[in-house]
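Numbers for residues simply follow the sequence, beginning at 1.
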Amino acid sequence: MKTVVFYDSLCGVCNYWVNWILENDTKEVFYFVALESDFATQFSHHFNYEFPTETIVIWDEHEGFFKKSDAVIYILLSIKESSFPAKALRFFPKILRDWGYSIFAYFRRYIKLSKCKIPSSEERSRFLTNQSFQVFLNKCKD
């Protein structure tokens, strides 16, 4: 299994970044799950992890959970190992990065994005929201 991005599907900014990841993830490392889905609820119960609603959460089967600025850094470095923005973010202490992330997350509700991309059938296959959680667990065991 690859890496799973849990995101707020009701947020235009979150949807923008999911599309950005889809466009830039040439290795097809990332899969996506809406935080509002049954899959996310079952995942939460199985792994005994409470998803925060104000942030993106990354789950990697080998490295565990990442949230807030750590999730952003993880995504940027996974897509491009020499990512300048990721390296610049790592320069700041985690407490400051997460504080900045929280401020942005609060105001994201007021940011309106005018266009919404419809994912291709290939891209839709990377969304686990409608997949059975049991099927997902079986794939992780393989």
Side-chain angles (χ1 to χ4, degrees), residues 1-92 94-109 111-142:
M1 187 36 108
K2 311 264 180 163
T3 302
V4 181
V5 176
F6 293 89
Y7 69 101
D8 179 357
S9 66
L10 305 175
C11 169
V13 174
C14 298
N15 284 303
Y16 170 85
W17 285 109
V18 166
N19 288 323
W20 184 88
I21 294 168
L22 282 169
E23 291 172 11
N24 291 282
D25 180 18
T26 57
K27 299 179 223 166
E28 297 186 1
V29 171
F30 293 102
Y31 288 79
F32 306 92
V33 173
L35 283 170
E36 302 80 18
S37 69
D38 289 337
F39 185 99
T41 302
Q42 292 172 2
F43 192 98
S44 175
H45 291 308
H46 181 80
F47 288 98
N48 195 27
Y49 183 82
E50 183 78 26
F51 286 108
T53 56
E54 79 285 352
T55 184
I56 194 168
V57 174
I58 305 294
W59 177 78
D60 179 276
E61 67 181 322
H62 302 293
E63 298 185 46
F65 292 95
F66 298 91
K67 63 182 182 178
K68 295 191 176 188
S69 64
D70 287 339
V72 172
I73 292 169
Y74 183 91
I75 291 167
L76 292 172
L77 290 176
S78 294
I79 290 175
K80 185 177 178 188
E81 291 179 23
S82 62
S83 169
F84 175 76
K87 290 179 180 181
L89 280 172
R90 290 172 89 181
F91 176 76
F92 295 97
K94 179 176 172 36
I95 194 165
L96 290 177
R97 293 190 324 247
D98 284 350
W99 177 74
Y101 185 101
S102 293
I103 290 171
F104 179 81
Y106 176 80
F107 287 104
R108 72 184 163 94
R109 298 175 192 135
I111 299 172
K112 303 291 183 209
L113 299 173
S114 60
K115 60 182 180 178
C116 183
K117 178 184 172 209
I118 309 266
S120 68
S121 59
E122 181 180 303
E123 291 171 334
R124 279 194 301 267
S125 70
R126 295 175 58 194
F127 287 82
L128 305 176
T129 301
N130 296 323
Q131 181 180 2
S132 160
F133 182 69
Q134 195 58 46
V135 169
F136 170 80
L137 285 179
N138 291 338
K139 284 183 182 179
C140 286
K141 293 176 185 175
D142 295 339

Anything under 3.5 Å between a donor and an acceptor, one on a side chain of residues 37-46, the other on a protein residue two or more places apart or in another chain? List them.
| from | atom 1 | to | atom 2 | distance (Å) |
| --- | --- | --- | --- | --- |
| Ser37 | OG | Ala34 | O | 2.7 |
| Ser37 | OG | Ala40 | N | 3.1 |
| Thr41 | OG1 | Ser37 | O | 3.3 |
| Ser44 | OG | Tyr49 | O | 2.4 |

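Looking at heavy atoms from C-beta onward, Val5 lies out of side-chain contact with Val33 at the 4.5 angstrom threshold. Side-chain contact between Trp17 and Ile56: absent, with no pair of heavy atoms (C-beta onward) separated by less than 4.5 Å. At least one side-chain heavy atom of Asp70 sits less than 4.5 Å from a side-chain heavy atom of Arg97. The shortest distance between side-chain heavy atoms of Ile75 and Phe30 falls below 4.5 Å. At least one side-chain heavy atom of Phe107 sits under 4.5 Å from a side-chain heavy atom of Ile103. Residues Ile58 and Lys67 have side chains not in contact (no heavy-atom distance under 4.5 Å, counting atoms from C-beta outward).
To the nearest 0.5 Å, atoms CD1 (Ile73) and NZ (Lys68) are separated by 13.5 Å. Separation of atoms OG1 (Thr55) and CG (Asp98) is listed at 8.0 Å; rounding is to 0.5 Å.
A donor-acceptor contact shorter than 3.5 Å links the side chain of Asn24 to the backbone of Trp20. Within the 3.5 Å criterion, the main-chain N or O of Thr3 finds no donor-acceptor partner in the side chain of Asp60.
Under a 4.0 Å N-O distance rule, the pair Asp25/Arg126 qualifies as a salt bridge.
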How far apart are the C-alpha atoms of Ser69 and Lys94, what are their side-chain angles, what is the distance that settles it, and do they pass the side chain to side chain donor-acceptor pair (under 3.5 Å) test?
-> CA-CA 7 Å; Ser69 64; Lys94 179 176 172 36; 4.8 Å; no
Could you check Leu22 against Phe127 for side-chain contact (heavy atoms from CB on, under 4.5 Å), going step by step and ending with a plain yes or no?
-> CA-CA 11 Å; Leu22 282 169; Phe127 287 82; 3.9 Å; yes
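Here the options are Phe51, Phe47, Phe6, the test is ring-ring contact (aromatic ring centres under 6.0 Å, His included), and the partner is Trp59; only Phe47 passes.
Tyr31 approaches Glu28 most closely through the heavy-atom pair CE1-O, 4.2 Å. When all heavy atoms of Lys27 and Ser78 are compared, the pair lying nearest together is NZ-O, 3.5 Å. Contact detail for Glu36 and Tyr7: the closest heavy-atom pair is OE1-O, 4.1 Å.
For Glu63, the CD atom counts as densely surrounded, since its 6.0 Å shell holds more than 12 non-hydrogen atoms of other residues, nucleotides or ligands.
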